[in-house]
Number of protein chains: 2
Amino acid sequence: MQIGELAKRTGCESETIRYYEREGLLPAPARSSSGYRRYEQPHLEQLAFILHCRSLGMPLADIRLLAGFHQQPAAEPCDRVNALIDQQISRVHSQIEALQKLEIQLQQLRARCESPHTLADCGILKTLDDAATGEACACHDAS
Amino acid sequence: MQIGELAKRTGCESETIRYYEREGLLPAPARSSSGYRRYEQPHLEQLAFILHCRSLGMPLADIRLLAGFHQQPAAEPCDRVNALIDQQISRVHSQIEALQKLEIQLQQLRARCESPHTLADCGILKTLDDAATGEACACHDAS
DNA sequence: GCAAACCCTGTAGCTACTATAAGGTCAAGC
DNA sequence: GCTTGACCTTATAGTAGCTACAGGGTTTGC
């Protein structure tokens, strides 16, 4: 199949497929006489594997590693696979925690200007300005 | 003060300060005879304002807008300030939701390989492979 | 008079794509 | 046989927000 067909079947844009090939995540397929890429079933599965990992937020470098484990002897221990997933879980977890703090801070800032005001007495701008001149700010104080 | 001093006082690297200047977030300061940037107190406050907004996760484009509101007539309504903060809150909120789903998916995947195995029968690799061949996967099924 | 610590500009790198530009190929219809 | 449109190709530049050089000039202290 051509690249457009592979793109349609996987929901991944042709340009992204070519990008994955450049990055060494997908093997370079055979070419037609006119230079068009010709994909087979294994390519589709490999791409689906990549896309599934991406949907779990994994970085391409980790996916490259995961894909590499297929080429290794099957008797090897799989602890490095587990470690990659654990890393990803902790990355995601700390992102969540950071964003939750952020949301609280933003809501405290937002509460400074509930009803419509003018710029002159907008509690939000005032709070941001105060923080800039070194005063305590509503958003970061209580965090 | 020189750029290094400003950097030390704000905890922002010199290169980042020059970057903000290039991006039009900080006004270009006066220069010494040898071309060194000379900053005054207002620059420090402006930079602190930017850094405070950044610490709330706001994109530079929004910070540029926020900073611009200082130059506008004080009697203008501040609803656009509020809108920017509201936007940021909803961005952060939807990121949190997406990451929470992700964490559940990752933990379901991780549960496929609790005790140490070999690559051949690693539940994680198997699950990822199955997903690539179109079968239902543990991680995305229950999401 | 020299070395260390500072400063300058300009450019390239990071992630994971996305979007062009400028061109070649192929099948259908007239 | 020729055109039209949908496909494909490569190469390059852009996105966000920095960070990290390279290759040079300046200033300060000993």
Side-chain angles (χ1 to χ4, degrees), chain A residues 1-26 28-40 43 46-67 84 87-88 91-92 95 98-99 102, chain B residues 1-26 28-39 43 46-47 49-67 84 87-88 91-92 95 98-99 102:
Chain A
M1 83 194 91
Q2 295 191 164
I3 197 169
E5 172 77 12
L6 181 60
K8 210 175 295 170
R9 286 211 212 167
T10 55
C12 176
E13 298 212 17
S14 303
E15 278 148 5
T16 307
I17 296 173
R18 282 191 281 256
Y19 170 72
Y20 288 158
E21 181 183 328
R22 276 201 305 282
E23 291 299 304
L25 285 153
L26 274 177
R31 299 283 185 134
S32 73
S33 57
S34 57
Y36 288 14
R37 289 170 177 82
R38 295 237 151 268
Y39 293 99
E40 307 296 334
H43 291 107
Q46 176 89 5
L47 180 54
F49 179 88
I50 295 168
L51 294 175
H52 190 231
C53 291
R54 285 293 300 136
S55 81
L56 293 167
M58 311 235 291
L60 295 184
D62 286 6
I63 299 173
R64 217 185 313 257
L65 289 176
L66 274 181
L84 281 179
Q87 255 178 48
Q88 177 66 7
R91 258 196 304 260
V92 168
Q95 277 179 40
L99 286 170
L102 213 54
Chain B
M1 83 196 93
Q2 295 190 165
I3 196 170
E5 171 78 10
L6 181 60
K8 208 175 296 168
R9 285 209 212 170
T10 54
C12 175
E13 297 212 22
S14 303
E15 278 149 4
T16 307
I17 296 173
R18 282 190 281 255
Y19 171 71
Y20 288 159
E21 182 183 326
R22 275 201 304 284
E23 291 298 303
L25 284 154
L26 273 176
R31 299 284 184 133
S32 74
S33 56
S34 57
Y36 286 15
R37 289 170 177 84
R38 297 236 149 265
Y39 293 98
H43 291 107
Q46 176 89 6
L47 179 54
F49 179 88
I50 295 168
L51 294 174
H52 189 233
C53 292
R54 285 294 299 137
S55 79
L56 293 168
M58 311 235 290
L60 295 183
D62 285 6
I63 298 174
R64 218 186 311 259
L65 289 177
L66 273 181
L84 282 180
Q87 252 178 50
Q88 176 66 6
R91 261 196 303 259
V92 167
Q95 276 179 40
L99 286 170
L102 213 54

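Order of the sequence lines fixes the chain letters, A, B, ..., with proteins taken first and strands second; residue numbering starts at 1 for each chain.
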If you apply the rule side chain to side chain contact (heavy atoms under 4.5 Å, CB included), what do you find for B:Tyr20 with B:Ile63, and how did you get there?
CA-CA 11 Å; B:Tyr20 288 159; B:Ile63 298 174; over 6 Å; no
Which residues satisfy the ring-ring contact (aromatic ring centres under 6.0 Å, His included) test with B:Tyr39, sequence neighbours excluded?
B:His43
To the nearest angstrom, how far is [X] atom [atom1] from [N] atom [atom2]?
X       : N      : atom1 : atom2 : result
B:Tyr36 : D:dG25 : OH    : P     : 12 Å
A:Ile3  : D:dA6  : CD1   : P     : 19 Å
A:Tyr19 : D:dT15 : OH    : P     : 17 Å
B:Glu5  : D:dT27 : CD    : P     : 17 Å
B:Arg91 : D:dA16 : CZ    : C1'   : 12 Å
B:Arg22 : D:dA20 : CZ    : C1'   : 12 Å
B:Glu23 : D:dG14 : CD    : P     : 13 Å

Is there a donor-acceptor pair under 3.5 Å between the side chain of [X] and the backbone N or O of [Y]?
X       : Y       : result
A:Gln95 : B:Leu99 : no
A:Arg64 : A:Glu23 : yes
A:Gln88 : A:Gly57 : yes

Please say whether more than 12 non-hydrogen atoms of neighbouring residues, nucleotides or ligands are located less than 6.0 Å from CD in A:Glu13.
no
So, is A:Arg37 near the phosphate of D:dT10, with a side-chain N or O under 4.0 Å from OP1 or OP2?
yes
Using a cut-off of strictly less than 4.0 Å, decide whether A:Ser34 has a side-chain nitrogen or oxygen near OP1 or OP2 of D:dT9.
no
Take A:Ser14 and B:Glu13, find for each the nucleotide of DNA chain D with the closest heavy atom, and name the residue whose nucleotide sits nearer the 5' end.
A:Ser14
Of B:Gln2 and B:Glu15, the one whose closest nucleotide on DNA chain C sits nearer the 5' end is B:Gln2
Evaluate B:Arg38 against B:Met1 for side chain to side chain contact (heavy atoms under 4.5 Å, CB included), listing each step before the verdict.
CA-CA 5 Å; B:Arg38 297 236 149 265; B:Met1 83 196 93; over 6 Å; no
Can you list, in residue-number order, the parts of residues 46-67 of chain A that come under 4.0 Å of DNA chain C, counting heavy atoms only?
A:Arg54, A:Pro59, A:Leu60
Walk along DNA chain C from 5' to 3' and tell me the first and last nucleotide with an atom closer than 4.0 Å to a non-hydrogen atom of chain B.
C:dC6 to C:dT9
Rounded to the nearest 0.5 Å, how far apart are CZ of A:Arg54 and CG of A:Leu60?
5.5 Å
Stepwise side chain to side chain contact (heavy atoms under 4.5 Å, CB included) test for A:Asp62 and A:Arg91
CA-CA 13 Å; A:Asp62 286 6; A:Arg91 258 196 304 260; 3.1 Å; yes
NA contact type, B:Arg31, heavy-atom cut-off 4.0 Å: base, sugar-phosphate, or nothing?
sugar-phosphate
